[in-house]
2 protein chains.
Amino acid sequence: MQKEHNLSKNQKIIFDLIDKSGGPMKAYSILFNVQKKGIKAPLQVYRALDKLVEIGKIHKIESRNAFIACQNSSCQVSKATAFSICENCENVSEISNLKLSKYLSNFSDNSGMKYSKYNLEFFGLCKKCKSK
Amino acid sequence: MQKEHNLSKNQKIIFDLIDKSGGPMKAYSILFNVQKKGIKAPLQVYRALDKLVEIGKIHKIESRNAFIACQNSSCQVSKATAFSICENCENVSEISNLKLSKYLSNFSDNSGMKYSKYNLEFFGLCKKCKSK
DNA sequence: TAACAGTATGTAATAATATAACATTTATAA
DNA sequence: TTATAAATGTTATATTATTACATACTGTTA
Ligand SMILES: [Zn+2]
Ligand SMILES: [Zn+2]
Ligand SMILES: [Zn+2]
Ligand SMILES: [Zn+2]
């Protein structure tokens with residue numbers, strides 16, 4: 001069960017928009033879409049995004065500068081994330097694979113570094129785009 | 001052995017700078033550093049960076065919008081990359097671990113997607129920063 | 001309730017990152 | 001040589017993100 005965070009007004013507006021979109025959204029596209037709700041400035045968007053990432057309700061797709069609603073029930077923070085990204089249609093899915101996440105969370109090498117977080121992005125062609 | 005690409009003038013200037021720096025560099029920091037060599041505009045930098053990424057001489061650290069020289073002898077293209085990033089000192093190393101790269105290159109799930117490329121970024125504290 | 005701390009908001013300005021469009025030049029190869 | 005691809009030069013502009021400062025809200029505790 002995901003901890004219930006009481007989202008603030010702006011956080012809720014922005015989370016709902018991203019969640020309903022079903023895919024990744026970019027900050028200025030979000031801004032455009034919430035202007036009718038009174039959110040007028042980039043900073044208002046980025047602040048809400050920062051908080052939503054922090055509590056794991058959304059994740060940032062780094063290679064796309066975009067934000068997607070968490071598709072796992074278990075992400076309380078954005079600290080172990082994996083995505084598949086179609087390079088043709090830009091469809092993005094969060095990968096939820098216990099073996100993969102265990103493998104990566106336990107990964108260590110001889111660098112002496114203690115890893116506390118990772119982000120993995122796979123690229124390729126999705127089913128639809130492959131068959132064209 | 002890495003295929004010998006005959007880098008163009010701008011590509012060589014920019015690769016040498018990044019390589020000698022020993023760490024990740026940002027595009028506009030690169031621009032500042034090569035202005036004395038006649039490279040005056042952002043686009044000249046970005047074009048060289050694009051090409052260098054394409055042939056695997058450098059990789060982009062997506063979470064940092066920065067570029068680092070390939071530290072493996074084997075990357076002919078930037079299509080299977082893994083990095084460790086210290087969140088304190090921002091030191092970045094390319095991870096070269098055969099088991100990890102095999103595991104990820106062979107990864108597949110039931111999404112029907114064919115993965116042809118991945119990028120993995122680990123975060124944590126490096127040896128030095130941990131012991132402070 | 002009053003005082004406080006922490007979180008969130010509003011607003012303007014600006015910084016940092018990246019690309020579009022167009023003209024010209026250089027390298028490679030048929 | 002002629003054609004083609006790759007690289008360069010230049011200006012302008014688009015996109016992404018943060019700084020700085022003022023104000024308001026929310027929950028806790030004296
Ligand atoms: Zn998630
Ligand atoms: Zn697709
Ligand atoms: Zn490499
Ligand atoms: Zn460090």
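So you know, we letter chains A, B, ... as the sequences are listed, proteins then strands, and number each from 1.
- Looking at B/Glu121 and B/Arg64, no side-chain N of the basic residue comes within less than 4.0 Å of a carboxylate O on the acidic one, giving no salt bridge.
- Side-chain contact between B/Leu31 and B/Tyr46 is absent, with no heavy-atom pair separated by less than 4.5 Å.
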Can you check side-chain contact (heavy atoms from CB on, under 4.5 Å) on A/Met25 and A/Ile68, steps first, answer last?
CA-CA 6 Å; A/Met25 290 193 76; A/Ile68 193 167; over 6 Å; no

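- To the nearest angstrom, C1' of D/dA12 lies 15 Å from CD of B/Gln44.
- Considering only heavy atoms from C-beta on, A/Ser93 comes within 4.5 Å of A/Gln71 through its side chain.
- Using modelled atom types, one finds no donor on one side chain facing an acceptor on the other under 3.5 Å when comparing B/Ser8 with B/Asn10.
- Distance, B/Ile55 CD1 to D/dA7 C1': 13 Å, rounded to whole Å.
- Atom pair B/Gln11:CD and D/dA7:C1' shows a separation of 7 Å (rounding to whole Å applied).
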Scan nucleotides 14-21 of chain D against the protein and return all N/O pairs shorter than 3.5 Å with their distances rounded to 0.1 Å.
residue	atom	partner	partner atom	Å
D/dT16	OP1	A/Lys26	NZ	2.3
D/dA17	OP1	A/Lys60	NZ	2.7
D/dA17	OP1	A/Asn65	OD1	3.4
D/dA17	OP2	A/Tyr46	OH	3.1
D/dA17	N7	A/Tyr28	OH	2.7
D/dA17	N6	A/Tyr28	OH	3.1

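- Heavy-atom contacts from other residues, nucleotides or ligands closer than 6.0 Å to NZ of A/Lys130 number more than 12.
- For D/dT8, the OP1/OP2 oxygens have no side-chain nitrogen or oxygen of B/Lys9 closer than 4.0 Å.
- Of all nucleotides in DNA chain C, those with any atom nearer than 4.0 Å to a heavy atom of chain A start and finish, going 5' to 3', at C/dA8 to C/dA12.
- Summarising the geometry, atom CG belonging to B/Leu120 is positioned 6.0 Å from atom CG belonging to A/Leu104; distances are rounded to the nearest 0.5 Å.
- Taking atom NZ of residue B/Lys40 and atom P of nucleotide D/dA12, one finds them 15 Å apart after rounding to whole Å.
- Ring geometry for A/Phe122 against B/Tyr118 counts as perpendicular: the plane angle is over 60°, on a 0 to 90° scale with 30° as the lower cut.
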